[in-house]
Colleague: 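Dropping a structure here in structure tokens format, bear with me for questions.
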Amino acid sequence: MQIKLNSVVMAAALALGAQSTWAQETIEVRIGHVGPTSGQIAHLGKDNELGARMAVEDLNAKGVKIGGKKAVFKLFAEDDAGDPKQGTAAAQKLVDSKVHGVIGHLNSGTSIPASRVYSDAGIPQISPSATNPQFTRQGFKTTFRVVADDVHLGGTLGKYSVGTLKGKSIAVIDDRTAYGMGVANEFEKGVKGAGGKVVAREFTNDKATDFTAILTTLKGKSPDIVFFGGMDAVAGPMLRQMKQLGINAKFVGGDGICSSGLPDLAQGAMADDQVYCAEAGGVEGAAKKSMEDFKVRFKERNKAEVQVYAPYVYDALMVMADAMVKANSPEPAKYLPVLAKTAGYKGVTGTIAFDNKGDIKNGALTLYTYRGGKRAELAVVR
């Protein structure tokens, strides 16, 4: 009995020793991700979260080392439902969980208020999709984004609507969110700068489903282009009601409507080459292969197409991890200065470098239309 007991004690001691050695040789890296995984645009939030999970899985599979220890990345995923108050609550929860960095949020309206929470805690935040210029203009050293902002996106779409689409009378609608208003304002500036005419400016909200009054008003002004600053969940019903009212104008929008799911949301109301949109980001030349390879892997893993920003989430997390490796530490105070100096990082979405505000340098836009129920790329613009 004594021999048996001793052997049990010895086995337990060896197991504890092995666990202790493993603990000494590994380091846990806690990454937060926030997006709207419930609500009207849950399909976009889930798309972003899947991009984050792919990055974490790839990093763990590679056996990345930080400061000589094997890094074990763990994702802390939160839902902000696209709501600013829920967004700040989610941010505080991640701070309390002592995450080392945050990827998110998806919307400008949630990213902006949450950014103060992260800044106060000294935790780096990289948004893969918030495009309102204010996001990186608050003086926070912890705030970054890997896509071009609305000044570039909205302005480019405005000029494109006048110069290429030959719009003579253009109507503008926004959903009154930080994103929707911001991109609509920049679009209007772009139209006027190109010599175009805005004949109406209307607004709705990001939960609306009935646009009869707005669209009836616009029909009386005979617009040849309708611009919508908002998300695809609202754009789909709006396109259906435009068709019902006999408004045959081209429909233009920013990255919020530029999803692979828009045709389903519009339920057959989209004609070929009727809808034009721009996605903040874009790849050219040799970089196209890395993006296409990512999309193939994403579909194989998730049994779903990339909606919009999963590749940018993936790159944002990879850039953050790269800064930790270079700094030999996942501690925010140690890797933040390295992250801020990121330059020349080759990601699936192209080369990433940050300016002194935390904006991506030389950010690209990809212009799309829809044909046969699928997005069709028109051009990459810088």
Colleague: Just by distance, with hydrogens left out, do Asp255 and Tyr179 show a side-chain donor and acceptor under 3.5 Å apart?
Modeller: yes
Colleague: Any donor-acceptor pair under 3.5 Å linking the side chain of Ser260 with the backbone of Val306?
Modeller: yes
Colleague: Are the side chains of Phe211 and Val234 in contact, using a 4.5 Å heavy-atom criterion?
Modeller: yes
Colleague: State, with a plain yes or no, whether a side-chain heavy atom of Ile31 is found less than 4.5 Å away from one of Met324.
Modeller: yes
Colleague: Hey, does Asn328 have a side-chain heavy atom less than 4.5 Å from the side chain of Tyr335?
Modeller: no
Colleague: Return the CE to CG distance between Met270 and Leu265, rounded to the nearest 0.5 Å.
Modeller: 9.5 Å
Colleague: Check for a donor-acceptor pair, side chain of Gln125 on one end and backbone N or O of Ile103 on the other, with a separation under 3.5 Å.
Modeller: no
Colleague: Looking at every heavy atom in both Leu44 and Gly256, which two are closest together, and how far apart are they?
Modeller: CD1-O, 4.4 Å
Colleague: Going by an N to O cut-off under 4.0 Å, is there a salt bridge joining Lys299 and Glu305?
Modeller: yes
Colleague: Does Arg176 make a cation-pi contact with Phe203 (under 6.0 Å, within 45 degrees of the axis)?
Modeller: yes
Colleague: How far apart are the C-alpha atoms of Ile27 and Val72, what are their side-chain angles, what is the distance that settles it, and do they pass the side chain to side chain contact (heavy atoms under 4.5 Å, CB included) test?
Modeller: CA-CA 6 Å; Ile27 185 169; Val72 179; over 6 Å; no
Colleague: Please answer whether the main-chain N or O of Ser129 pairs with a side-chain N or O of Ser127 as donor and acceptor at a distance below 3.5 Å.
Modeller: yes
Colleague: Between Asn302 (side chain only) and Phe298 (backbone N and O only), is there a donor and an acceptor less than 3.5 Å apart?
Modeller: yes
Colleague: Any idea which heavy atoms bring Val117 and Val95 closest together, and the distance?
Modeller: CG1-CG2, 3.9 Å
Colleague: Quick check for you: to the nearest 0.5 Å, what is the distance between Ile352 atom CD1 and Lys361 atom NZ?
Modeller: 13.0 Å
Colleague: Tell me, with the steps shown, if Asp206 and Thr177 meet side-chain hydrogen bond (donor to acceptor under 3.5 Å, both in side chains).
Modeller: CA-CA 7 Å; Asp206 59 348; Thr177 64; 5.9 Å; no
Colleague: Is the closest side-chain heavy-atom distance between Leu367 and Val380 below 4.5 Å?
Modeller: no
Colleague: Is the distance between the ring centroids of Tyr276 and Tyr368 less than 6.0 Å?
Modeller: no
Colleague: Heavy atoms, side chains only, cut-off 4.5 Å: are Pro128 and Arg145 in contact?
Modeller: no
Colleague: What distance do Ser259 atom OG and Asp47 atom CG have between them, rounded to the nearest 0.5 Å?
Modeller: 9.0 Å
Colleague: Can you confirm whether the side chains of Arg201 and Asn185 place a donor and an acceptor under 3.5 Å from each other?
Modeller: yes
Colleague: So Leu94 and Phe76, side chain to side chain contact (heavy atoms under 4.5 Å, CB included) or not? Walk me through it.
Modeller: CA-CA 7 Å; Leu94 291 179; Phe76 289 69; 3.8 Å; yes
Colleague: Check for a donor-acceptor pair, side chain of Asn107 on one end and backbone N or O of Gly109 on the other, with a separation under 3.5 Å.
Modeller: no
Colleague: State, to 0.1 Å, how close Val162 and Ala194 come at their nearest heavy-atom pair, and which atoms those are.
Modeller: CG1-O, 3.6 Å
Colleague: Taking the side chain as C-beta and beyond, is there a heavy-atom pair between Thr136 and Asp149 under 4.5 Å?
Modeller: no
Colleague: With heavy-atom distances below 4.5 Å as the criterion, would you say the side chains of Tyr118 and Pro124 are in contact?
Modeller: no
Colleague: Would you confirm whether Arg375, through its side chain, and Cys258, through its main-chain N or O, come within 3.5 Å as a donor-acceptor pair?
Modeller: yes
Colleague: Apply side-chain hydrogen bond (donor to acceptor under 3.5 Å, both in side chains) to the pair Thr351 and Lys346, showing each step before the final yes or no.
Modeller: CA-CA 5 Å; Thr351 302; Lys346 302 292 184 184; 3.1 Å; yes
Colleague: Within the distance-only criterion (no hydrogens, no angle test), does the side chain of Gln274 pair as donor or acceptor with the backbone N or O of Ala249 below 3.5 angstrom?
Modeller: yes
Colleague: Sub-3.5 Å donor-acceptor pair from the side chain of Asp224 to the main-chain atoms of Lys168, do we have one?
Modeller: yes
Colleague: Would you call Glu49-Arg53 a salt bridge at under 4.0 Å N-O?
Modeller: yes
Colleague: I'd like to know if the side chain of Ser115 reaches the main chain of Ile112, judged simply by a donor and an acceptor atom lying under 3.5 Å from each other, with no hydrogens or angles considered.
Modeller: yes
Colleague: Show, in sequence, the C-alpha distance, side-chain angles and deciding distance for Tyr309 and Val147, and conclude whether the side chain to side chain contact (heavy atoms under 4.5 Å, CB included) test is met.
Modeller: CA-CA 10 Å; Tyr309 284 117; Val147 290; 4.0 Å; yes
Colleague: State whether a side-chain donor-acceptor pair under 3.5 Å links His105 with Asn48.
Modeller: no
Colleague: I'd like to know if the side chain of Asp79 reaches the main chain of Thr37, judged simply by a donor and an acceptor atom lying under 3.5 Å from each other, with no hydrogens or angles considered.
Modeller: yes
Colleague: As a quick check of understanding, evaluate side chain to side chain contact (heavy atoms under 4.5 Å, CB included) for Gln241 and Asp210, giving each step before the final call.
Modeller: CA-CA 8 Å; Gln241 289 167 40; Asp210 183 2; 3.7 Å; yes
Colleague: Between Lys189 and Glu186 (salt bridge meaning N to carboxylate O under 4.0 Å), is one present in this structure?
Modeller: yes
Colleague: Consider only side-chain N and O atoms of Thr366 and Glu377, and report whether a donor and an acceptor are under 3.5 Å apart.
Modeller: no
Colleague: Rounded to the nearest 0.5 Å, what separation is found between the CE atom of Met238 and the OG1 atom of Thr209?
Modeller: 10.5 Å
Colleague: Can you tell me how far apart NZ (Lys374) and CG (Asp272) are? Round to the nearest 0.5 Å.
Modeller: 13.0 Å
Colleague: Return all side-chain donor-acceptor pairs below 3.5 angstrom for residues 153-161, not counting sequence neighbours, or 'none' if the list is empty.
Modeller:
unit_1, atom_1, unit_2, atom_2, d
Thr156, OG1, His152, O, 2.6
Thr156, OG1, His152, ND1, 3.3
Ser161, OG, Leu157, O, 2.8

Colleague: Please determine whether a side-chain nitrogen of the Lys or Arg among Lys85 and Asp83 lies less than 4.0 Å from a carboxylate oxygen of the Asp or Glu.
Modeller: no
Colleague: To check you understand the geometry: which heavy-atom pair defines the closest contact between Ile126 and Ala316, and what is its length?
Modeller: CD1-O, 3.5 Å
Colleague: Looking at every non-hydrogen atom in both residues, tell me the closest pair between Arg30 and Glu28 and how far apart they are.
Modeller: NH1-OE1, 3.3 Å
Colleague: Could you check if a side-chain atom of Val275 sits within less than 4.5 angstrom of a side-chain atom of Lys250, using non-hydrogen atoms only?
Modeller: no
Colleague: Does any donor atom in the side chain of Tyr370 or Asp273 lie under 3.5 Å from an acceptor atom in the other side chain?
Modeller: no
Colleague: Verify the distance criterion only: is there a donor paired with an acceptor across the side chains of Asp175 and Thr204 at less than 3.5 Å?
Modeller: no
Colleague: Could you state the interatomic distance from CG (Asp315) to CE (Met318), rounded to the nearest 0.5 Å?
Modeller: 8.0 Å
Colleague: May I ask you to check whether Lys197 and Ser169 show a side-chain donor-acceptor distance below 3.5 Å?
Modeller: no
